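Here's the structure we're looking at; comments come further down.
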Amino acid sequence: MIGGRRPLKGRKPADRRVRVERPHSAFFRYGGPGTLVAKPAANQPKTGLGRAWARVRGVAIGRPLASEEEAGEKLSKKKALAIFSSDAISSSAYATQEIIRVLAAAGATALAFSVGVSAAIAVLLAVVSISYRQVCRAYPGGGGAYAVAKENLSPLFGLIAAAALLIDYVMTVAVSTASAIGQIVSVVPELDPVKIEIAVGVIALITIANLRGLRESGNIFAIPTYSFVFLALLMIGMGLIDIVTGAAHPIVTPNAEPLGAAELSIFLLLKAFAGGSVALTGVEAIANGVPAFKPPEAKNAANTMTAMAILLGILFIGITVVSHAYAILPTVGDIPTTVSLVAASVFGAGTLLFVLFQAATALILFLAANTSFNAFPRLGAILALDGYMPRQFAFRGDRLAYSWGIVILAAVAAFLIWLFNGNVTALIPLYSVGVFVCFTLSQIGMVIHWRRVRESGWAWRAAVNGFGAMLTAVVLVVVVSVKFVDGAYLVVILIPVLVAMMLFIHRQYQASRHELAIRRDFVAEAPQREERVVIPVPGINRAVVQAVQVGRSIADDVRAVFVTDEPDDIAPMQEAWERHLPGVPLVVVESPYRALVGPLSAYLDVLDAAWPPGKIEPITFVILPEYVARRWWERILYNQSVKRLRSSLLGRPHTVVVNVPYRREDAEAFAKPAPPPPTA
Amino acid sequence: MPEAHTPPFKRAVLALNGGSSDELILRLTTAMAKGTEAELIAVHVVEVDWTLPIDADIAGNSEAAQRVLDGAESAAEQARVRLEPVLLQARDVGAAIVDEASERGADLLVAGLPYRTRFGGDFAIGRTVPYVLKNAPCAVWIVREPIPEEPA
């Protein structure tokens, strides 16, 4: 990196000094011996269009961040509860609704079972959270279901868990956003006709925020989460007082669905249980994020898990009890939502507390959606690094975010909301299956983990996880069987499809890695192979001359190939060629069938066949002259034949395709005036 | 966003020698220049002895010299302050710094002073700082590094 040196005079003759130019300094800085680190200027686009696009990106997602600017925030338990629990706690906003919707099919008396069903789900929640406390302690580095299943069961089970998690994250965005919009429409019914547009707009905003690198800042999450928790607890408390004092009277549910007359069967109760079990979604988030806690990480995460489970249990059972006391019925299209009817009954419709509660509910649901925007891209990146997803998922964008994962999550979730018309109940059957697949696999994985490590207290820890695994496996079977026709079948199909896709990608990457691998003892020696150059030419012009000159600098054996379907063009071409490029052989290939690629390829085959047998094959450089268009729209006018030739030659053995672009600046080489004609 | 303030200089030449005082100089001057139009010129001089020609290829190949200026640039980038790095070769460091400051019309020259003692006795100020103090046409600030603690 030696620059020029400029001598400068000093005040005295002996004070001369030399300024040493540092040509690298604009674009690089030294990172150590033999290492340069690129500065932002090295990434600046050089074309006008590129600069304009960079400005647009700068406004939309912010200036690019260097890797070292990544902030690592260690979270206190209070902040972590807000960040990791928004998904789980927010599910209390729609879980009750899913229970009463199922029970309403058996008439008003069946609704009395809603409290019992929610209590059973709370027991399940307790078992799952106790099991996940073990995961926090065993995997302080973050024990997602994928990591646990992959390490303790097999990579295949890891992939099943990963597929289920990916589906789960997409569904979290779709369900939470749809439910949040439902809360807003419950307050402002006039927005119902544009609810899909609002949902898609909100997802777009969350996407942009995440592409900008929205950090899991505790404060952003804490306010809506704790507001919701406080207002929901207040609502439940006031509701319980109404119940005790006898002030809770049945209300007339607006837009209520007509009650059914079906028989109250075990199947119906199981279906209600399966519907309400969406309350457990998001419980695993704390176990996935153990490294983000302040030390002692595992202990703090485990305690936060307990606090979250207790809060969720109280909110879920509380909302169900109050809802039952006011005899709230399911509504058509979930508008207004059950939780908003509970709030309206307790606080009074249109009161400040009611509006505040609805706003807090909508906000926590949006935050729950945002949780997936952190988790999905990270899982995608881990899978990409393990070779199960395209590598693009592991690339981090200008703002250190996994841009591919974020955009794909947003696109799929928005599509689902549009497809299901933003109806939470229609989306729910797709939701729970993935969640319980993850629960079951990670719990089974934990049993094997404890058996393997056999540390102090392993037996009872394995027993806790074993019981959790058994219970969640039973619930998984129940959820799949009772929701199968409602949409769960899609997940049952989708998980194997995703797993097969990931295995296929893995096999492709393994095959290419095997092909590209270099033996440890391999030492490259100087090449002994001969080289020859073949230049397909469409005629003679500056771009062709430049390509020939480049070819001459590569090898002595240079020949141009002129493929033409016009016999009349041959003589003038040969005459012009001899005049401008004497000494360079021109091979003319007549193509009566007007093809270009075929005859050129055949000519190369002939060259190969003519090579002396027993001699190492030469490297053939096929040089393609290319005219660089000045403007973007000009590009469609030029170089179409070059593109076809390039793509046809890429797979050819012993062949290197070289593009030689002719640019405006290259015109200087041709500017020298022609010598005057010889005088007689 | 920090409030804009008037810095005590418009253009300051920072004489960096690759020692621990560089960090002090950069911290001080970038904090003062932040949010203003003030301009910093970081100068590092590689001394060439009389056995070699003055334009011998020394500094351009010296990673240590490059690292001094790269460090200054990084500090300025982080503080969002304008800084121009200048690499010089000269027979006498003090003269080169003063001439550079003079030629660029600097109104401040900041130099670092390591705390060294001669043979473990008196504080040794060296040649460069006295030369700068005596000849610089502009204001001069000397940043002396703290006295290292004596081992108990």
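In the text below, chain A, chain B and the rest are named by the order of the sequence lines, each starting its count at 1. Small disclaimer: the values here were computed from a predicted structure and weren't measured. FYI, side chains are in, hydrogens and waters are out, and symmetry mates aren't considered; it's all heavy atoms of this structure.
Counting non-hydrogen atoms of other residues, nucleotides and ligands closer than 6.0 Å to CD of B/Glu23 gives a total of 12 or fewer. Heavy-atom contacts from other residues, nucleotides or ligands closer than 6.0 Å to CG of A/Leu516 number more than 12. Atom CZ of A/Arg16 sits in a sparse spot, with 12 or fewer heavy atoms from other residues, nucleotides or ligands closer than 6.0 Å.
No part of B/Ser102 comes within reach of chain A, as not one of its non-hydrogen atoms sits under 4.5 angstrom from that chain. The contact between B/Leu69 and chain A is made by backbone and side chain atoms together, counting heavy-atom distances below 4.5 Å. With a 4.5 Å cut-off on non-hydrogen atoms, B/Ala56 touches chain A through its backbone but not through its side chain.
Ionic pairing of A/Lys12 and B/Asp99 is not present here: no N-O contact between side-chain nitrogen and carboxylate oxygen is shorter than 4.0 angstrom. A salt bridge does not link B/Glu103 to A/Arg11: none of the charged nitrogens lies less than 4.0 Å from a carboxylate oxygen. Ion pairing between A/Arg17 and B/Glu47 fails under the 4.0 Å rule for side-chain N and carboxylate O.
With sequence neighbours excluded, no residue forms a side chain to side chain contact (heavy atoms under 4.5 Å, CB included) with A/Leu205.
Residues A/Arg6 and B/Asp55 have side chains not in contact (no heavy-atom distance under 4.5 Å, counting atoms from C-beta outward).
Taking B/Val45, B/Asn135, B/Val48 one by one and counting their heavy-atom pairs under 4.5 Å with chain A, the maximum is reached by B/Asn135.
For residues 83-93 of chain B, the interface with chain A (any heavy-atom pair closer than 4.5 Å) comprises B/Pro85, B/Val86, B/Leu87, B/Leu88, B/Gln89, B/Ala90, B/Arg91, sorted by residue number.
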